[in-house]
Amino acid sequence: MAFQFRKFPSFAFPRFHRLRSHRVFMASPAFGVTSKEIIKDKRPYMPPRDVQVQKLHSMPPQKLEIFKSMESWAEQNILVLLKPVEKSWQPQDFLPDPASEGFHEQLKELRERTKEIPDDYFVVLVGDMITEEALPTYQTMINTLDGVRDETGSSPSSWALWTRAWTAEENRHGDLLNKYLYLSGRVDMKQIEKTIQYLIGSGMDPGTENNPYLGYIYTSFQERATFISHGNTARLAKEHGDIKLAQICGTIAADEKRHEIAYMKIVNKLFEIDPDSTILCMADMMRKKVSMPAHLMYDGNNDSLFKHYSAVAQRIGVYTAKDYADILEFLVHSWNVANLSGLSGEGRRAQDFLCTLAPRIRNLEERVQARVKQSSLLPFSWIFGRELRV
């Protein structure tokens with residue numbers, strides 16, 4: 001999951017300021033979008049938010065042949081990163097067994113382990129779980145990408161097989177965290193369930209434009225972000241004394257790492273086949289900022305819920321502004337962006353932009369940190385309205 005934090009530079013984070021009005025933007029030749037009018041949005045699944053006209057199908061049609069030609073490569077290099085179902089972990093491996101004579105004792109032990117964990121940790125864990133539970137949106141997003149979508153819903157193409165199996169592996173993450181939080185008794189499950197329903201109904205706008213170049217750059221970033229986030233919730237769970245929860249979060253982080261490897265392999269292959277288009281798309285994605293999948297998070301009351309959840313994640317060190325810059329730097333290094341050759345003039349300018357962006361993000365973060373104002377106490381519906389510092 002990079003988040004936009006109240007105390008950190010806006011250019012380092014996604015566009016997800018929510019207003020009580022629904023802003024509609026029209027295209028502008030100079031800046032891409034410009035404010036045109038404000039209307040009230042009363043649709044049931046649309047929290048108040050900024051909305052802009054989306055660019056669609058930005059990949060030239062002739063590029064479709066590249067992805068068709070990569071089918072056998074994907075089968076040999078990407079599908080092999082999936083785990084067979086019979087060898088995969090399942091949520092029940094980590095939870096009290098309801099068919100066991102000792103179920104009630106196991107449940108009591110779980111609640112004992114979680115009762116001393118602070119509220120701020122639970123808010124971040126809930127936010128992570130809600131993000132995972134919006135999985136239908138993410139599969140839908142990938143299936144908008146030209147040249148790699150699952151055209152029939154059961155296509156045998158390597159791209160479609162990957163997307164369905166990736167979704168199946170990811171589906172276990174939300175299931176496991178949801179059940180663990182339910183059994184803990186520490187959170188308001190009805191408010192959480194409402195938030196999940198709002199989020200899936202609202203969808204997401206990652207700015208990928210039906211373009212698989214943009215889509216796979218985006219997923220490479222996101223999988224590393226979730227790997228970091230779940231890894232840090234594992235570390236904190238261990239520090240708070242819940243070894244089982246640490247194991248759960250660590251296991252999910254390991255899945256995210258494997259998925260990160262897959263998406264990064266795809267982009268690396270695109271850099272090999274078509275470096276100029278790929279670097280231009282990477283620069284475009286970073287100029288737009290990488291918005292997080294759950295940036296439209298809403299519980300029916302708090303228009304700034306994602307912003308507040310992100311601020312808590314920043315404060316306790318689960319996901320920070322520094323992580324955003326670190327991920328960008330990692331991708332630039334891993335894809336050998338600095339050493340690409342044979343680029344067009346525009347490609348070389350994109351190369352310079354990408355190679356200098358992470359240090360600029362960090363420098364701006366340091367300046368903003370020096371001007372940090374006193375935080376506020378705000379209620380979170382997920383923890384029965386108790387207040388936390390954001």
Side-chain angles (χ1 to χ4, degrees), residues 1 3 83-133 135 168-189 192-193 196 223-261 294 309-310 312-320 322-323 326 380 382-384 386 388-389:
M1 301 164 295
F3 308 110
K83 288 192 173 181
V85 173
E86 296 305 323
K87 295 183 179 179
S88 296
W89 63 266
Q90 297 299 335
Q92 188 53 55
D93 297 336
F94 302 91
L95 298 167
D97 181 1
S100 164
E101 289 288 338
F103 172 71
H104 294 291
E105 283 301 314
Q106 295 169 32
L107 178 58
K108 183 178 179 181
E109 289 172 9
L110 185 154
R111 292 194 168 207
E112 282 295 315
R113 291 195 306 268
T114 60
K115 71 178 183 180
E116 300 301 327
I117 297 177
D119 278 343
D120 49 13
Y121 177 89
F122 271 104
V123 161
V124 174
L125 191 65
V126 167
D128 286 0
M129 179 269 282
I130 289 169
T131 302
E132 297 284 354
E133 289 279 60
L135 184 62
E169 290 192 346
E170 288 275 335
N171 185 64
R172 300 167 304 156
H173 301 171
D175 282 353
L176 176 52
L177 291 174
N178 190 315
K179 290 172 183 173
Y180 199 88
L181 286 163
Y182 167 78
L183 293 173
S184 77
R186 288 289 307 275
V187 296
D188 187 334
M189 288 304 300
I192 291 168
E193 288 156 359
I196 294 168
E223 293 289 0
R224 185 157 187 84
T226 50
F227 160 67
I228 290 169
S229 183
H230 288 299
N232 283 327
T233 55
R235 173 180 55 80
L236 289 173
K238 184 176 181 180
E239 291 177 6
H240 293 312
D242 192 337
I243 302 302
K244 179 62 72 172
L245 182 55
Q247 184 185 8
I248 286 171
C249 296
T251 300
I252 293 172
D255 269 5
E256 305 290 6
K257 180 63 178 178
R258 183 162 44 84
H259 297 158
E260 172 204 328
I261 291 169
Y309 144 66
S310 301
V312 178
Q314 162 75 33
R315 177 168 56 77
I316 70 173
V318 167
Y319 193 89
T320 69
K322 178 180 179 297
D323 290 321
D326 287 348
F380 281 84
W382 303 337
I383 51 172
F384 304 98
R386 294 192 292 273
L388 290 180
R389 182 164 56 88

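Sequence positions, counted from 1, serve as the residue numbers for this chain.
Ring planes of W89 and H173: parallel class, angle under 30° (limits at 30 and 60°).
Taking both residues in full, the closest heavy atoms of G317 and N232 are given as O-ND2, 3.4 Å, listed atom of the first, atom of the second, then distance. The two atoms that bring A237 and A246 nearest to each other are CB-N, 3.6 Å, heavy atoms only. Across all their heavy atoms, E260 and F227 have their closest contact at OE1-CD2, 4.1 Å. When all heavy atoms of V318 and V124 are compared, the closest pair comes out as CG1-CG1, 3.6 Å. Contact between Y309 and V123 at its shortest, heavy atoms only, is CD1-O, 4.0 Å. What you find for D120 and L388 is that their closest heavy atoms are CA-CD1, 3.6 Å.
Side chain of Q92 to main chain of L95: a donor-acceptor pair is present (N/O by atom type, distance under 3.5 Å, no hydrogens or angles). The backbone N or O of T233 lies less than 3.5 Å from a partner atom in the side chain of Y121, making a donor-acceptor pair. Listed for the D93 side chain is a donor-acceptor partner under 3.5 Å among the backbone atoms of Q90. Judged purely by atom type and a 3.5 angstrom limit, R111 uses its side chain to pair as donor or acceptor with the backbone of L183. The closest donor-acceptor contact from the side chain of S229 to the backbone of T226 lies at 3.5 Å or more, if one exists at all. Without hydrogens or angle criteria, N178 side chain to D175 main chain gives no donor-acceptor distance under 3.5 Å.
Heavy-atom neighbours of K257 NZ from other residues, nucleotides or ligands within 6.0 Å: above the threshold of 12. Dense packing is recorded around CZ of F103, with more than 12 heavy atoms of other residues, nucleotides or ligands lying under 6.0 Å away.
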Legend entry - side-chain contact (heavy atoms from CB on, under 4.5 Å) between I196 and M129, worked out: CA-CA 9 Å; I196 294 168; M129 179 269 282; 4.1 Å; yes
Inset, instruction - Test R258 against E223 for side-chain contact (heavy atoms from CB on, under 4.5 Å), laying out the working first. - result: CA-CA 9 Å; R258 183 162 44 84; E223 293 289 0; over 6 Å; no
Inset, instruction - Please lay out, stage by stage, how C249 and L125 fare under the test side-chain contact (heavy atoms from CB on, under 4.5 Å). - result: CA-CA 9 Å; C249 296; L125 191 65; 3.9 Å; yes
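With rounding to the nearest 0.5 angstrom, the CZ atom of R224 is 15.5 Å from the NE2 atom of H259. A distance of 16.0 Å separates NE2 of H240 from NZ of K115, quoted to the nearest 0.5 Å. To the nearest 0.5 Å, the span separating CG on L181 from CD1 on I192 amounts to 6.0 Å. Expressed to the nearest 0.5 Å, how far CD1 of I252 lies from CZ of R172 amounts to 9.0 Å.
The residues E109 and K244 are annotated as not salt-bridged, no charged nitrogen and carboxylate oxygen being separated by less than 4.0 angstrom. For the pair K108 and E112, the salt-bridge criterion is not met [side-chain N within less than 4.0 Å of a carboxylate O].
A heavy-atom distance below 4.5 Å is found between the side chains of F94 and T251. For the pair E170 and E256, the minimum side-chain heavy-atom distance is below 4.5 Å. Between I117 and L245, some side-chain heavy-atom pair lies under the 4.5 Å cut-off.
Checking D128 against T131 by side-chain atom types alone, no donor-acceptor pair falls below 3.5 Å.
Residues that satisfy the side chain to side chain contact (heavy atoms under 4.5 Å, CB included) test with S184, not counting sequence neighbours, are L110, T114, F122, R186. Under the rule for a side chain to side chain contact (heavy atoms under 4.5 Å, CB included), the partners of R386 that lie at least two apart in sequence or sit in another chain are D119, I383, F384. For Q106, the side chain to side chain contact (heavy atoms under 4.5 Å, CB included) partners at least two apart in sequence or on another chain are P96, D97, S100.
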